[in-house]
Visitor: 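A single structure is presented below for examination.
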Amino acid sequence: MHKHRTHNCSELSPKEVGQQARLTGWVSRRRDHGGVLFLDLRDHYGSTQCVFRSQSPHFSRAESIRMESVITVTGSVVKRSPETINANIPTGEVELVVEDMLVVTESAYIPFSIGDESDEASDSLRLQYRFLDLRRTKMQNNIKFRHKSLQSIRNHMGKQGFLEIQTPILTASSPEGSRDFLIPSRLHPGKFYALPQAPQIYKQLLMTSGFDKYFQIAACFRDEDARADRAPGEFYQLDMEMSFVEQADVHHAIETLVDGWFSELATSTFDKPPFQHITHKEAMDKYGSDKPDLRNPLIIQNATSCFEKSGFKIFAQTIEKGGIVLGIVVPNVASKPRSFFDKMNDWARENGAPGLGYIIYDNELKGPIANTLEKERHDHIIKTLSLKDGDAAFFICSTNHFWAKDFAGKVRLELGERADLVDKNAIRICWIVDFPLYESGETWFSAWREPTPEERKTIYFSHNPFSMPQCDPEEFSSLDPLSLNAWQYDLVCNGMELGSGAIRNHHPELLVKCFQVPGYTEAQVRQDFKSLLSAFSYGAPPHGGCALGVDRIIMMLANMHNIREIIAFPKNQNAMDVLLGAPNNVPEQLLKDVFIKSTAKK
RNA sequence: GGGGGUGUAGCUCAGUUUGGUUAGAGCGCUGGCCUGUCAAGCCGGAGGUCGCGAGUUCGAGUCUCGUCACUCCCGCCA
């Protein structure tokens with residue numbers, strides 16, 4: 001008989017009844033009846049009930065064994081009597097009557113329960129004892145789920161002819177983007193490698209090398225702060241790039257992948273390809289966001305004309321000063337109690353708005369605002385907003401149009417939640433397309449603060465500086481930069497950005513011109529993007545691609561609400577690994593080897 | 001860098017609004033009972049620097065100030 005096991009803990013079934021079997025696993029639960037003792041033995045695959053009777057020489061040892069100890073049990077597989085069958089587990093029709101037992105390794109007292117899934121430990125404790133936390137069925141399933149997702153990605157990309165090509169982890173610091181992680185060089189005193197924020201430049205170089213279709217499940221490193229859906233420090237992207245393609249070709253490749261992957265693993269219904277296209281402008285106008293949650297049916301409308309020169313003085317005066325009024329119509333809430341509307345107003349004030357006006361349509365227009373409006377205006381409002389009986393409309397008004405749109409987007413989400421209009425069991429996917437290539441300081445800053453006059457005049461890249469402008473390269477210089485869109489797209493799902501991509505600018509001269517608009521000099525661009533411009537000067541294929549946030553998508557598909565749940569060894573909020581103690585101090589000699597002296601205050 | 005929340009037994013939490021006797025519960029641990037449970041049950045026991053430090057007070061888990069940790073959000077993430 002095998003030293004450790006003849007079966008795993010989910011294998012025994014009525015087929016094995018009468019056989020001798022050996023199992024090794026962790027003691028998960030104990031039910032001690034004095035004369036008979038049940039131990040649930042658990043491994044990666046499942047759980048099996050092991051029975052000890054008081055006559056057994058191992059009975060008292062089994063009674064005292066600590067939870068989470070590893071034991072080997074040998075005995076006969078017995079069919080359970082009908083009334084003792086446990087239908088909740090696959091091995092529930094049988095049990096192992098133990099004849100021999102070996103304590104392999106005894107566990108110390110465990111800091112939190114593992115067998116009892118209802119007992120949730122705090123996040124910091126779970127991370128401190130991650131090796132125990134990972135024993136839990138939920139985490140075993142999540143990590144298994146992640147594996148299946150990675151397999152699925154490789155399968156669907158491979159089937160489409162994409163080559164998986166690995167790119168360097170030790171690379172050069174890039175001037176664009178987020179903060180780099182730096183690695184000091186021993187062989188080159190005073191110089192540094194950087195960890196890649198993404199394999200962006202390498203994948204474009206691969207295209208110029210003729211590889212045609214590339215993908216990689218790439219580790220990316222960015223020294224930025226965490227969020228619930230964003231791991232600090234390191235994360236994985238499905239990075240892909242293809243040559244001789246237009247936007248539609250990249251979309252098709254990604255849609256084929258997503259459709260295949262989600263078909264295998266999603267537990268909710270999801271949009272089938274082709275995914276709908278929403279232009280960036282439409283997204284901002286209708287949803288107040290460039291990552292709209294389409295599960296929420298509410299849309300933002302321009303309601304300025306409803307209040308122009310009206311009896312509702314606050315709005316009328318704001319409009320006089322160039323302001324805007326945005327309205328959101330919510331169906332079937334007219335009968336809600338007054339508190340529903342008051343609480344929305346309170347919420348708006350807590351979130352930085354002067355207030356939130358509303359009108360109720362219950363046979364006629366009602367509410368504090370409606371009373372100030374001339375009767376002959378009522379029809380116009382009903383028509384403009386397409387109000388139906390039972391609707392209520394909420395209004396955001398400001399002279400700052402950018403703030404108004406942004407805030408209306410937040411109101412839209414809040415109303416969707418409070419009126420319970422969001423279909424939580426759906427996965428709604430869209431492409432946001434036609435991003436502006438540039439933004440003025442006006443829009444760049446206005447949503448959260450007043451820009452200085454200097455900033456107002458400045459032009460910024462709005463998204464990805466390497467994107468191809470939607471214009472004839474010859475005409476670029478003669479066009480208003482702020483009127484230009486880029487071949488740039490985001491994949492958006494349930495209000496989350498799942499990925500982003502673009503048709504790249506592969507013309508070296510045009511690339512230089514694009515960078516000159518926000519103020520780079522030609523010399524600076526040629527210096528900063530030397531390798532890319534050099535490669536493009538030797539025959540660059542038109543190319544484009546996309547990168548999807550793998551962790552975030554797996555989190556969503558696994559119905560988890562924190563990215564740590566689907567990462568085996570995640571960092572905490574402060575980017576620390578509390579299990580291994582990273583980052584930590586290193587011996588002085590290691591610093592000397594790489595010519596580093598710390599200036600950190602003790 | 002900024003804002004919110006949390007911090008009480010090994011774990012999860014109640015108690016803090018309105019300061020007042022010996023700080024409680026469930027799970028776990030531990031001693032005993034129990035031959036069919038699967039969140040086993042019953043009886044008993046141990047277990048506390050109320051995150052830490054100051055302050056107010058006759059008296060602080062509770063109020064004030066500071067500080068630390070964790071967490072969520074804003075900034076940031078081309």
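Lettering follows sequence order; numbering is per chain, from 1.
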Visitor: Quick one: does R227(A) reach the base of G75(B) with a side-chain donor-acceptor pair under 3.5 Å?
Guide: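 Between G75(B) and R227(A), which were checked side chain against base, a qualifying N/O pair under 3.5 Å is present.
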
Visitor: Figure out the CD/C1' separation between E83(A) and C38(B), and round it to whole Å.
Guide: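 Taking CD of E83(A) and C1' of C38(B), I get 14 Å after rounding.
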
Visitor: Whole angstroms only, please: what is the CD1-C1' distance between I114(A) and U12(B)?
Guide: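 The answer, rounded to whole Å, is 15 Å.
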
Visitor: Rounded at 0.5 Å granularity, tell me how far CG in D290(A) sits from CD1 in I278(A).
Guide: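 Nearest 0.5 Å value for the CG-CD1 distance: 11.0 Å.
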
Visitor: Determine whether the aromatic ring centres of Y45(A) and H7(A) lie less than 6.0 Å apart.
Guide: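 No - the distance between ring centres of Y45(A) and H7(A) does not fall below the 6.0 Å cut-off.
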
Visitor: For P111(A), answer base if it contacts any base atom (sugar-phosphate contacts may also be present), sugar-phosphate if it contacts only those atoms, and nothing otherwise; contact means non-hydrogen atoms under 4.0 Å.
Guide: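 Since only primed, P, OP1 and OP2 atoms lie under 4.0 Å of P111(A), the category is sugar-phosphate.
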
Visitor: Between N572(A) and V51(A), which residue's closest nucleotide on RNA chain B lies nearer the 5′ terminus?
Guide: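 Per heavy-atom nearest nucleotide, the more 5' residue is V51(A).
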
Visitor: Check every strand shown and say whether N562(A) touches a base, only sugar-phosphate, or nothing at a heavy-atom separation below 4.0 Å.
Guide: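 Sugar-phosphate contact only - N562(A) comes under 4.0 Å of backbone atoms but never of a base.
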
Visitor: For A198(A) and S64(A), find the nucleotide of RNA chain B closest to each by heavy atoms; which residue's nucleotide sits nearer the 5' end?
Guide: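 Taking each residue's closest nucleotide, the earlier one in sequence belongs to S64(A).
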
Visitor: Atom CG of N142(A) and atom CG of N559(A): how far apart are they, to the nearest 0.5 Å?
Guide: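 Nearest 0.5 Å value for the CG-CG distance: 9.5 Å.
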
Visitor: Just to be sure I understand the rule, does I89(A) reach a base, reach only the sugar-phosphate, or reach nothing, if contact means heavy atoms closer than 4.0 Å?
Guide: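 No contact at all - I89(A) keeps every heavy atom at 4.0 Å or more from the nucleic acid.
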
Visitor: If we take the C1' atom in both G4(B) and A14(B), what is their distance in whole Å?
Guide: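 Straight-line distance between the two C1' atoms is 23 Å.
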
Visitor: Under 6.0 Å between ring centres, would you say that holds for Y438(A) and Y460(A)?
Guide: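 No, they do not, as the ring centres are separated by 6.0 Å or more.
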
Visitor: Under 4.0 Å between any heavy atoms, over every strand shown, what does N88(A) touch: base, sugar-phosphate, or nothing? Just pick one.
Guide: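 Nothing: the residue N88(A), judged by heavy atoms under 4.0 Å, touches no strand.
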
Visitor: Side chains of S107(A) and E68(A) only: does a donor on one sit below 3.5 Å from an acceptor on the other?
Guide: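 Looking only at side-chain atoms, E68(A) and S107(A) do not form any donor-acceptor pair under 3.5 Å.
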
Visitor: Check every strand shown and say whether S178(A) touches a base, only sugar-phosphate, or nothing at a heavy-atom separation below 4.0 Å.
Guide: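 Sugar-phosphate only.
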
Visitor: Determine whether the side chains of Y287(A) and D293(A) contain a donor N or O and an acceptor N or O closer than 3.5 Å.
Guide: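 Per modelled atom types, Y287(A) and D293(A) side chains form no pair under 3.5 Å.
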
Visitor: Using the C1' atom on both, measure G61(B) against C72(B) and round to a whole Å.
Guide: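 Those two atoms are separated by 25 Å.
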
Visitor: Need the pair for C70(B). Rule: Watson-Crick or G-U wobble, both distances under 3.5 Å, any strand; none if unpaired.
Guide: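 Result: G5(B).
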
Visitor: Charged N to carboxylate O under 4.0 angstrom, R230(A) versus E224(A)?
Guide: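 A salt bridge is absent here (no side-chain N lies under 4.0 Å from a carboxylate O).
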
Visitor: What integer distance in Å separates F221(A):CZ from C76(B):C1'?
Guide: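 Answer to the nearest Å: 19 Å.
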
Visitor: Indicate, with a heavy-atom threshold strictly under 4.0 Å, whether S47(A) touches base, sugar-phosphate, or nothing.
Guide: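 If one applies the 4.0 Å heavy-atom cut-off, S47(A) turns out to touch nothing in the nucleic acid.
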
Visitor: Taking the same atom, P, in G5(B) and in C27(B), what whole-Å distance lies between them?
Guide: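 Pairwise P distance, G5(B) against C27(B), rounds to 33 Å.
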
Visitor: Applying a 4.0 Å non-hydrogen cut-off, can you work out what R564(A) is touching in the nucleic acid: base, sugar-phosphate, or nothing?
Guide: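 Sugar-phosphate contact only.
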
Visitor: Quick one: which of C72(B), U37(B), C77(B) gets closest to the side chain of A228(A)?
Guide: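 Of the options given, the side chain of A228(A) lies nearest C72(B).
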
Visitor: To the side chain of S124(A), which of C72(B), U30(B), C70(B) is closest?
Guide: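 My answer, after comparing the listed nucleotides, is C70(B).
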
Visitor: To the nearest angstrom, how far is D133(A) atom CG from C11(B) atom C1'?
Guide: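 Distance, rounded to whole Å: 13 Å.
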
Visitor: Measure the CD-CZ distance between E509(A) and F536(A) for me, rounded to the nearest 0.5 Å.
Guide: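 One gets 11.5 Å once the value is rounded to the nearest 0.5 Å.
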
Visitor: Taking the same atom, P, in U62(B) and in G75(B), what whole-Å distance lies between them?
Guide: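 Per the computed distance, 36 Å lies between those P atoms.
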
Visitor: Take atom CE of M67(A) and atom C1' of C29(B), then tell me their distance rounded to the nearest Å.
Guide: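 Going from M67(A) (CE) to C29(B) (C1'), I get 11 Å.
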
Visitor: Using the ring of F235(A) (Phe, Tyr or Trp, six-membered ring only), decide whether R222(A) places NZ or CZ under 6.0 Å from its centre and within 45 degrees of its axis.
Guide: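 No - R222(A) does not lie over the ring of F235(A) by the 6.0 Å and 45° rule.
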
Visitor: For G55(B) versus A39(B), give the span between their C1' atoms, rounded off to a whole number of Å.
Guide: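 These two C1' atoms come out 47 Å apart once rounded.
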
Visitor: Please state how far atom CZ in R130(A) lies from atom C1' in C70(B), giving the value in whole angstrom units.
Guide: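 It is 15 Å, rounded to the nearest whole Å.
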
Visitor: If you take any heavy atom closer than 4.0 Å to RNA chain B, which residues from residues 27-43 of chain A end up in contact?
Guide: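 Output list: R29(A), R30(A), R31(A), D32(A), H33(A), G34(A), G35(A), V36(A), F38(A).
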
Visitor: Taking atom P of C74(B) as reference, at what distance in whole Å does atom CZ of R230(A) sit?
Guide: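 Atom CZ in R230(A) sits about 8 Å away from atom P in C74(B).
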
Visitor: If we take the C1' atom in both G7(B) and G53(B), what is their distance in whole Å?
Guide: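 Here G7(B) and G53(B) have their C1' atoms 16 Å from each other.
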
Visitor: As a test of reading the structure: which of C29(B), U71(B), U37(B) is closest to the side chain of L127(A), going by heavy atoms?
Guide: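 Side chain of L127(A) sits closest to U71(B).
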
Visitor: Using whole Å, what does the distance between atom P of nucleotide C72(B) and atom CG of N574(A) come to?
Guide: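 Value for this atom pair: 10 Å.
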
Visitor: Has E99(A) got more than 12 heavy atoms of other residues, nucleotides or ligands less than 6.0 Å from its CD?
Guide: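 More than 12 heavy atoms, drawn from other residues, nucleotides or ligands, come within 6.0 Å of this atom.
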
Visitor: Should Q49(A) be listed as having a side-chain N or O under 4.0 Å from OP1 or OP2 of U37(B)?
Guide: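 No, no such contact exists.
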
Visitor: Determine which nucleotide pairs with C11(B), using a 3.5 Å limit on both distances of a Watson-Crick or G-U wobble pair.
Guide: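 By the stated definition (distances under 3.5 Å), G26(B) pairs with C11(B).
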
Visitor: Near RNA chain B, counting only heavy atoms under 4.0 Å, which residues of residues 492-510 of chain A show up?
Guide: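 Heavy-atom contacts with RNA chain B come from no residue of residues 492-510 of chain A; none.
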
Visitor: Using the C1' atom as the reference point in each nucleotide, state the distance between U64(B) and G19(B) in Å, no decimals.
Guide: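 So the two C1' atoms sit 13 Å from each other.
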
Visitor: Just so I know, are the side chains of R552(A) and E497(A) near enough to count as touching, which here means a heavy-atom distance under 4.5 Å?
Guide: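 The answer is yes, as the side chains (C-beta and beyond) meet within the 4.5 Å cut-off.
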
Visitor: Which nucleotide, if any, forms a Watson-Crick or G-U wobble pair with G20(B), using both distances under 3.5 Å?
Guide: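 Its partner is C58(B).
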
Visitor: Without swapping roles, check the side chain of D551(A) against the backbone of Y236(A) for a donor-acceptor pair under 3.5 Å.
Guide: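 Yes: the side chain of D551(A) pairs with the backbone of Y236(A).
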
Visitor: Could you measure the distance from the CE atom of M496(A) to the NZ atom of K291(A)? Nearest 0.5 Å is fine.
Guide: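 Atom-to-atom, M496(A):CE and K291(A):NZ are 9.5 Å apart.
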
Visitor: Work out how far the C1' atom of G3(B) is from that of A40(B), and round it to whole angstrom.
Guide: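 My reading of the C1' atoms in G3(B) and A40(B) gives 48 Å.
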
Visitor: At 4.0 Å (heavy atoms only), tell me whether Q197(A) reaches a base, stays on the sugar-phosphate, or touches nothing.
Guide: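 The answer is nothing, as Q197(A) stays clear of every strand by at least 4.0 Å.
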
Visitor: Whom does C65(B) pair with, Watson-Crick or G-U wobble, provided both distances fall under 3.5 Å?
Guide: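 With both distances under 3.5 Å, C65(B) matches G53(B).
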
Visitor: Looking at S122(A), does any N or O in its side chain come under 4.0 Å of the phosphate oxygens OP1/OP2 on U12(B)?
Guide: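 Yes, S122(A) has a side-chain N/O under 4.0 Å of OP1/OP2 on U12(B).
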
